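Only this structure's heavy atoms are used, side chains among them; waters, hydrogens and symmetry mates stay out. Naming: A, B, ... by sequence-line order, numbering from 1 per chain. In this text, all values refer to a predicted model and were calculated from it rather than measured experimentally.
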Amino acid sequence: MSPLQTMSRYPFAEIEPRWQAYWEEHGTFRAVEVPGQPKFYCLDMFPYPSGAGLHVGHLEGYTASDIVSRYKRMRGFNVLHPMGWDAFGLPAEQYAVKTGIHPAITTAENIATFRRQMKRAGLSYDWAREINTTDPGYYRWTQWIFLKLFERGLAYVAEVPVNWCPELGTVLANEEVVEGRSEVGGFEVVRRPMRQWVLKITAYADRLLEDLERVDWPASTWEMQKNWIGRSIGAEVDFPLDGVNGNLRVFTTRPDTLFGATYMVLAPEHPLVDALTAPAQREAVAAYREAAARKSDLQRQELDKEKTGVFLGGHAVNPVNGERLPVWIADYVLMGYGTGAIMAVPGHDARDWAFARAHHLPIREVVAGGDVTREAFVDLEHGVAVHSTTPDGAFSIDGLEAAEAIARITDWLEAAGKGRRAVNYKLRDWLFARQRYWGEPFPIVWVDGEARGLPEEQLPVKLPETDRFKPEGTSEDPQSPLARLSDWVETLDPVSGRPARRESNTMPQWAGSCWYYLRFLDPSNPERLVDPAREKYWMPVDLYIGGAEHAVLHLLYARFWHKVLFDIGVVSTPEPFMKLVHQGTVLGEDGTKMAKSVGNVVNPDDVIERFGADAVRLYEMFMGPLEATKPWNTRGVEGITRFLDRVWRLLVDEEGRLSGALTGDDPSPDHLRTLHQTIRKVTEDLDGLRFNTAIAQLMTYVNELTPLKRRPRALLEPLVLLLAPFAPHIAEELWQRLGHAESLAHATWPAWDPALVEADTVTVAVQVNGKLRATLEFPRGADAETVASVALADERVRRHLEGFVVGKRIHVPDKLLNLVITPR
RNA sequence: GCGAGAGUGGCGGAACUGGCAGACGCGCUGGACUUAGGAUCCAGUGGGGAAACUCGUGGGGGUUCGAAUCCCCCCUCUCGCACCA
């Protein structure tokens, strides 16, 4: 950069660090509870501090929340805007496995980088509230919450089918498995039954579903949570076994199709398989079960075109008509949902239809309206029940539509003791243990094969030191690296004093992020998770900004913990996050996803170095709507620096002094109007998080002021304030040069005068048959007659009327006149 | 396959409850100031046309005085879910 170029640029490299130091020294962004002052809790999803540092995608969400925070401060709110680190997790640990360097060391380094980058971007966090999930002072309370869950029976050990990832040497939650592979690393995952810690999130399924009504979230996220919980209402029906004592219980959402069941299917893992297997089938069944057990989820998916299964040889009896139904096993029926068994109604279920076709099983129509020889008829709205009368004629739903039929037959089943109403959820209990080193230890010891919670006074259970981080467990014996540390594992039961073994699994990464927003309220309280008065003051989070990738995982888990904390009186609100916004993805300059392998990653350090933090912040917001996916364009950042240069030159002359063009003049009415329009637009857009259009309006305003030789302060001071949330460094600098001693961080946001916003003349569009022919100036409020008479006299309008009769005149005051004409 | 969202200039994107399509920025063109311009300032910039005009918001229908906006059908893209009985 040549010296001459530098002259026309505002000196961001000098200004920005100076103001960052000022804010830090003066504690400008410290948040302190002030009774009576309205609060605003503006939260970012705190990051996992990876080795790569921040990229401009992170910065988009952080900038947005920072702008809102700064704006709200100027609107008189007491703003809480904190930041911390979700620092347990796989990458640091995998790095440790590879290099032997303790994850605590790399984590600390990465955090230092993140913090430096955030400060450099001018983010107005209250750094006094910084938290770190790996800090024993923090995870002590993560463990404390676990104890509460354990005490309430919401944490338990069970033999459950889990997702075992051999490559990572750990189990994973359903939510961490994407298309049969681990979300982290993309390694293959297999299903295995294992004894593991599980959290009973299903006990909260209804509340998690219902309370979605209370929050203002993106519809897509709302919908995803709803689908993930997957509540469905139906009935459980008991089918007596033929020749064997016992019942086969199934769940169905379509009890109205009970008369159409032609066979039954069990999941391969179902406990009744053995009882129902005929000697002749034993070998085939065993082979099928073994094959199914070996299949990973990935393989199951690849094979989903063809429905496989084996007949067991046994039968069950349909309780409505006494028919003997053959019982099969097939892996399209899942052990984890419902009862792990279904009644197959091929006429009215697409999966059963495909299976029946493949295995030559009968298909029976019991809802008229489709053609069950061609495909399953599953329409719930249309069609009436047929062939649905008991053999003795005592009960029938024939002729009824589905809704009515379902109610009737369910009542009948209940009365007869053959079934009952039932609700099922897709949501499963949350597999909570990981066979890893770098996570929170459980506050649990095992005594005589029984899990016991440690007393609160013994918290935190600190993560023991080691230099061997590699999990060496197998699917038969999944073991955390902690299991090898016998000095740590072998302990005494604090109650009985008898020998005990510590639980050696660790918690998953989600644990720490389930409640971090509460610790920010009272980050170093040694007595409590959070002081109740502080909790009441700050909660709930008013605005929560973070990536859509957490739509299910983090946001569902955190809501679950929050509700438990609500139940035990730790928090006062049923939901933690009121308004939620997901920032969109920032793509590389080439329009593809930023990735190190492609080499299109934009590092904020580089762009801040070249253009300054203010320019980067402004550009991040100017690219487009916050939620949209949009490509980075360095040229666009240059455009923004030109804008900031123009703002600078409005107030500062070539020698760097306050410009002599500034005057105490009253602004012209036109300029005053643009000012008030700008205040209104920027204010409304900030309230609606429409940062891009707010910036566009600021540009328009600056463009209008630029040609002025004499520039009234009354036009410029509000501009500086309006710009401040977006570009705080340049704004602070200009504000100071304008003679203000105090930082503008808490200055009063400009107000607009509605009377000054509207112009007294308006442009009215004149259309003929909907086509624009002229635009005319009128005083505001001109009536239809006035507008029409001028319009009809206008040559540009008149020449389109020749040979036609003017019929209807549509007049939208101050906007438009449309003349509807027909041939004469 | 199911669910949600989105398709507007060369590019990123504007457009309130239907009312002047393309704000603002990038890029581009021309000019001014300059030894110089990758600085700055001024003017222009959807396509076609000399102009009058005309065509234009993924494609095709429709409603309306009037549609980017509302309705129907189709195409494309993005993101979820994926045998949940």
Q: Choose from B/G27, B/G80, B/C53 the nucleotide whose nearest atom is closest to any side-chain atom of A/Glu638.
A: B/G27
Q) In whole Å, what separates the P atom of B/C65 from that of B/G60? A) 23 Å
Q. Where the side chain of A/Leu772 is defined as all heavy atoms beyond and including C-beta, which of B/C20, B/G12, B/G80 is the nearest nucleotide?
A. B/C20
Q) Heavy atoms, side chains only, cut-off 4.5 Å: are A/Val552 and A/Trp228 in contact? A) yes
Q | Distance between P atoms of B/C79 and B/A67 (Å, rounded) | A | 35 Å
Q: Please tell me which of the listed nucleotides, B/C20, B/A4, B/A85, lies nearest to the side chain of A/Ser220?
A: B/A4
**Q.** Which nucleotide in B/A85, B/C83, B/U40 has an atom nearest any side-chain atom of A/Arg642
**A.** B/U40
Q: Pick base, sugar-phosphate or nothing for A/Gly639, based on heavy-atom distances below 4.0 Å to the nucleic acid.
A: sugar-phosphate
Q. For the side chain of A/Asn703, counting heavy atoms from C-beta on, which of B/G25, B/G19, B/C83 is nearest?
A. B/G25
Q) How should the glycosidic conformation of B/G9 be described, syn or anti, under the criterion that syn lies within 90° of 0? A) syn
Q. If only side-chain N and O atoms of A/Asn818 are considered, is one of them under 4.0 Å from the OP1 or OP2 phosphate oxygen of B/C20?
A. no
Q) Is any side-chain heavy atom of A/Glu627 less than 4.5 Å from a side-chain heavy atom of A/Gln583? A) no
Q.
By nearest atom, which of the nucleotides B/A85, B/C65, B/C24 is closest to the A/Ala696 side chain?
A. B/C24
Q | Distance, rounded to the nearest Å, where A/Phe643 contributes CZ and B/U40 contributes C1' | A | 17 Å
Q: Please state the C1' separation for the pair B/G27 and B/G12 - nearest whole angstrom.
A: 11 Å
Q) Where the side chain of A/Thr252 is concerned, which of B/U54, B/C24, B/A85 is the nearest nucleotide? A) B/A85
(Q) For a quick test of reading the model: is some side-chain N or O of A/Thr763 closer than 4.0 Å to OP1 or OP2 of B/C20? (A) no
Q: With RNA chain B as reference, determine whether A/Met623 or A/Gly636 sits nearer its 5' end, using the nearest nucleotide of each.
A: A/Met623
**Q.** Spacing between A/Leu819 atom CG and B/C65 atom C1', to the nearest angstrom
**A.** 10 Å
Q) Which of the following nucleotides, B/A85, B/C20, B/G19, is nearest to the side chain of A/Val812? A) B/G19
Q: Write down the distance between CD1 (A/Ile695) and P (B/C26), rounded to a whole number of angstrom.
A: 13 Å
Q) Can you tell me how far C1' in B/C26 sits from the matching atom in B/C33, rounded to whole Å? A) 24 Å
Q. Rounding to the closest angstrom, what is the interatomic distance between B/C16 and B/U69 at atom P?
A. 12 Å
Q) How is A/Gln767 classified with respect to the nucleic acid when contacts are heavy atoms under 4.0 Å: base, sugar-phosphate, or nothing? A) base
Q. Mind checking the P distance from B/A6 to B/G58? Whole angstroms is fine.
A. 13 Å
Q.
Applying side-chain contact (heavy atoms from CB on, under 4.5 Å) to A/Leu413 and A/Arg421, what does each step give before you reach the verdict?
A. CA-CA 9 Å; A/Leu413 287 167; A/Arg421 275 181 175 62; over 6 Å; no
Q) Parallel, tilted or perpendicular: which fits the ring planes of A/Phe355 and A/Tyr332, with parallel below 30° and perpendicular above 60°? A) tilted
**Q.** Parallel, tilted or perpendicular: ring planes of A/Phe377 versus A/His348, cut at 30 and 60 degrees
**A.** perpendicular
Q: Measure from CG on A/Leu555 to C1' on B/G80 and round the result to the nearest Å.
A: 14 Å
Q: Identify whether any heavy atom of A/Arg796 sits under 4.0 Å from a base atom; if not, whether one sits that close to sugar-phosphate; answer base, sugar-phosphate or nothing.
A: nothing
Q: Take A/Thr775 and A/Thr700, find for each the nucleotide of RNA chain B with the closest heavy atom, and name the residue whose nucleotide sits nearer the 5' end.
A: A/Thr775
**Q.** Flag if over 12 foreign heavy atoms under 6.0 Å of CD, A/Glu785
**A.** no
Q) Do A/Val273 and A/Arg289 come within less than 4.5 Å of each other through their side chains, counting heavy atoms only? A) yes
Q | Interatomic distance, A/Arg635 CZ vs B/C26 C1' [rounded to whole Å] | A | 8 Å
Q) Does OP1 or OP2 of B/C41 have a side-chain N or O of A/Arg649 closer than 4.0 Å? A) yes
Q. Between A/His554 and A/His550, what is the ring plane arrangement, given parallel below 30°, perpendicular above 60°, and tilted in between?
A. perpendicular
Q | Interatomic distance where CG belongs to A/Leu817 and P belongs to B/C65 [whole Å] | A | 16 Å
Q | Cation-pi geometry met for A/Arg364 and A/Trp353 (6.0 Å, 45°) | A | no
Q: Give the rounded distance in Å between these two atoms: CD of A/Glu654 and P of B/C41.
A: 11 Å
Q: Quick one: do A/Asn424 and A/Ser232 satisfy side-chain hydrogen bond (donor to acceptor under 3.5 Å, both in side chains)? Show the steps, please.
A: CA-CA 5 Å; A/Asn424 254 291; A/Ser232 55; over 6 Å; no
Q: Report yes if at least one side-chain N or O of A/His800 is closer than 4.0 Å to OP1 or OP2 of B/C53; otherwise report no.
A: yes
Q | For RNA chain B, stems built from three or more consecutive Watson-Crick or G-U wobble pairs below 3.5 Å | A | B:1-7 with B:75-81, B:10-12 with B:24-26, B:27-32 with B:40-45, B:46-48 with B:53-55, B:58-62 with B:70-74
(Q) When the P atoms of B/C81 and B/G13 are compared, how many Å lie between them, rounded to an integer? (A) 25 Å
Q. Does a side-chain N or O from A/Asn692 land closer than 4.0 Å to OP1 or OP2 of B/A14, or not?
A. yes
Q: Answer with yes or no whether A/Lys815 presents, from its side chain, a donor or acceptor under 3.5 Å of a partner atom in the base of B/C20.
A: no
Q | Closest nucleotide among B/G25, B/G19, B/A14 to the A/Thr693 side chain | A | B/A14
**Q.** Any A/Lys630 side-chain nitrogen or oxygen under 4.0 Å from OP1 or OP2 of B/G12
**A.** no
Q) What is the distance from CZ of A/Phe691 to P of B/G13, rounded to the nearest Å? A) 17 Å
(Q) Side chain of A/Arg773, heavy atoms from C-beta onward: which of B/G25, B/G66, B/C53 has the nearest atom to it? (A) B/C53
(Q) I'd like the C1' distance from B/A52 over to B/G5, given in whole Å. (A) 44 Å
Q) With side chains defined as the heavy atoms from C-beta onward, is the minimum distance between A/Leu248 and A/Asp238 less than 4.5 Å? A) no
